[in-house]
Enquirer: 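Questions regarding the structure given below will be posed in turn.
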2 protein chains.
Amino acid sequence: MTRRKLAALSPSETEILRLVWKLDKATVQDVCNKLPAKRKIAYATVQTLLRRLEKKGYLKHRIRGKAHVFFAAVKSEKVIKRSVNDFLDKLFGGDPVPLMQYLAEHGKIDADDIEKLKRLVSK
Amino acid sequence: MTRRKLAALSPSETEILRLVWKLDKATVQDVCNKLPAKRKIAYATVQTLLRRLEKKGYLKHRIRGKAHVFFAAVKSEKVIKRSVNDFLDKLFGGDPVPLMQYLAEHGKIDADDIEKLKRLVSK
DNA sequence: TAGAATATCGTACATTTGTACAACTTGTCA
DNA sequence: TGACAAGTTGTACAAATGTACGATATTCTA
């Protein structure tokens with residue numbers, strides 16, 4: 001089984017990786033277009049981030065015309081799991097409850113969301 | 001009103017900052033003692049992190065004997081809010097629902113937790 | 001088929017981060 | 001009161017991060 005631990009993701013890399021997931025397959029252009037208006041970084045910068053993501057093993061690419069089309073090399077589930085756990089550890093000592101509380105108290109989630117969660121958990 | 005934006009926290013800084021919060025007031029020693037066994041970094045390293053945290057404005061200190069006693073200079077609520085939002089943005093595009101789902105699906109939270117949340121939200 | 005677009009690649013570079021040693025300072029106790 | 005133990009400070013330094021320019025390569029198009 002392939003059990004090589006993936007190098008950690010930097011915040012910017014995480015952001016870019018998410019966009020690739022969202023797009024399923026994406027060129028540098030595609031990613032640039034998906035960047036929120038607020039976040040303006042150069043094409044070349046996105047390119048570097050994608051390259052690094054590939055080097056770290058999170059992405060692979062295929063050539064289409066002259067462009068590289070990047071796509072996930074690792075299941076997002078896995079990456080998310082690691083990221084969430086890391087985050088939880090650093091900020092909450094691993095306990096998810098305070099995080100949930102925070103989300104609830106700040107109106108990030110509403111009663112409907114909770115109903116859905118309830119169903120998920122009881123399953 | 002003081003509205004200077006605090007410099008971002010690095011993962012290690014976040015970890016140390018949390019320990020200071022937990023202890024309320026803490027010397028370098030105190031923090032070292034609270035470090036989980038797994039995480040072994042030198043006294044001097046913790047010291048540097050605390051120094052940086054103070055320089056960034058997250059902590060202040062007071063002298064007790066020859067030691068520095070660090071304590072929060074910013075409400076943890078505020079820091080947590082920023083951290084959670086940043087994290088959410090990077091990994092989930094700001095949408096908290098997938099995060100909740102992840103927590104629920106991975107047994108991080110159970111039915112009881114959800115009941116508690118329900119009460120919080122309905123309030 | 002030559003030039004215009006558009007891409008990638010190599011490289012760069014200032015900061016930040018993680019980690020820590022060595023030297024200096026200062027309460028404290030015998 | 002003088003030496004010691006515990007602290008702090010200055011400094012270091014490699015690696016990671018954020019950001020991007022310029023050169024080169026490749027595809028399209030007129």
Enquirer: Output side-chain donor-acceptor pairs under 3.5 Å for residues 93-107 of chain B, partner residues at least two apart or in another chain, one line each.
Expert:
unit_1	atom_1	unit_2	atom_2	d
B:Asp95	OD1	B:Val97	N	3.0
B:His106	ND1	B:Tyr102	O	2.9

Enquirer: What is the distance from CD1 of A:Ile63 to P of D:dT26, rounded to the nearest Å?
Expert: 10 Å
Enquirer: Return a single string for nucleotides 13-25 of chain C, one symbol per nucleotide in 5' to 3' order, where B is base contact, S is sugar-phosphate-only contact and - is none, cutoff 4.0 angstrom on heavy atoms.
Expert: ----BBBBB----
Enquirer: In whole Å, I'd like the distance from the CZ atom of A:Phe70 to the P atom of C:dT8.
Expert: 7 Å
Enquirer: Who passes salt bridge (Lys or Arg N to Asp or Glu O under 4.0 Å) against A:Asp89, sequence neighbours left out?
Expert: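 With sequence neighbours excluded, A:Asp89 shows a salt bridge (Lys or Arg N to Asp or Glu O under 4.0 Å) to no residue whatsoever.
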Enquirer: Write out all pairs satisfying salt bridge (Lys or Arg N to Asp or Glu O under 4.0 Å) with one or both partners inside residues 61-70 of chain A, taking only residues at least two apart or from two chains.
Expert: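 Qualifying pairs: none.
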Enquirer: Have B:Asp30 and B:Thr27 got a donor and an acceptor in their side chains that come within less than 3.5 Å?
Expert: yes
Enquirer: Can you sort out the partners of A:Glu115 under salt bridge (Lys or Arg N to Asp or Glu O under 4.0 Å), two or more places apart, ordered by chain and number?
Expert: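 If we apply the salt bridge (Lys or Arg N to Asp or Glu O under 4.0 Å) test to A:Glu115, skipping adjacent residues, the hits are B:Lys118.
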Enquirer: Is there a side-chain polar atom (N or O) of B:His61 under 4.0 Å from OP1 or OP2 of D:dT8?
Expert: no
Enquirer: Strictly below 4.0 Å, heavy-atom distances to any atom of DNA chain C: list the hits from residues 16-37 of chain A, or just say none.
Expert: A:Val28, A:Gln29
Enquirer: Output the rounded distance in Å from CZ (B:Arg64) to C1' (D:dT8).
Expert: 15 Å
Enquirer: Grab the CG-P distance between A:Leu50 and C:dC9 for me, whole Å please.
Expert: 11 Å
Enquirer: The criterion is salt bridge (Lys or Arg N to Asp or Glu O under 4.0 Å); which residues satisfy it with A:Glu15, sequence neighbours excluded?
Expert: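 A:Glu15 satisfies salt bridge (Lys or Arg N to Asp or Glu O under 4.0 Å) with A:Arg39, B:Lys90 once adjacent residues are dropped.
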Enquirer: To the nearest Å, give me how far apart NE2 (A:His68) and P (D:dA25) are.
Expert: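 Rounded to whole Å, this separation is 14 Å.
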Enquirer: What pairs of residues pass the ring pair (Phe, Tyr, Trp, His ring centres under 6.0 Å) test when at least one of them lies in residues 21-60 of chain B, not counting sequence neighbours?
Expert: none
Enquirer: Hey, could you give me each pair passing salt bridge (Lys or Arg N to Asp or Glu O under 4.0 Å) that has a residue in residues 40-59 of chain B? Not counting sequence neighbours.
Expert: B:Glu13-B:Lys56
Enquirer: Which whole-number value in Å describes the distance from A:Glu54 CD to C:dG10 P?
Expert: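 Rounded to whole Å, this separation is 12 Å.
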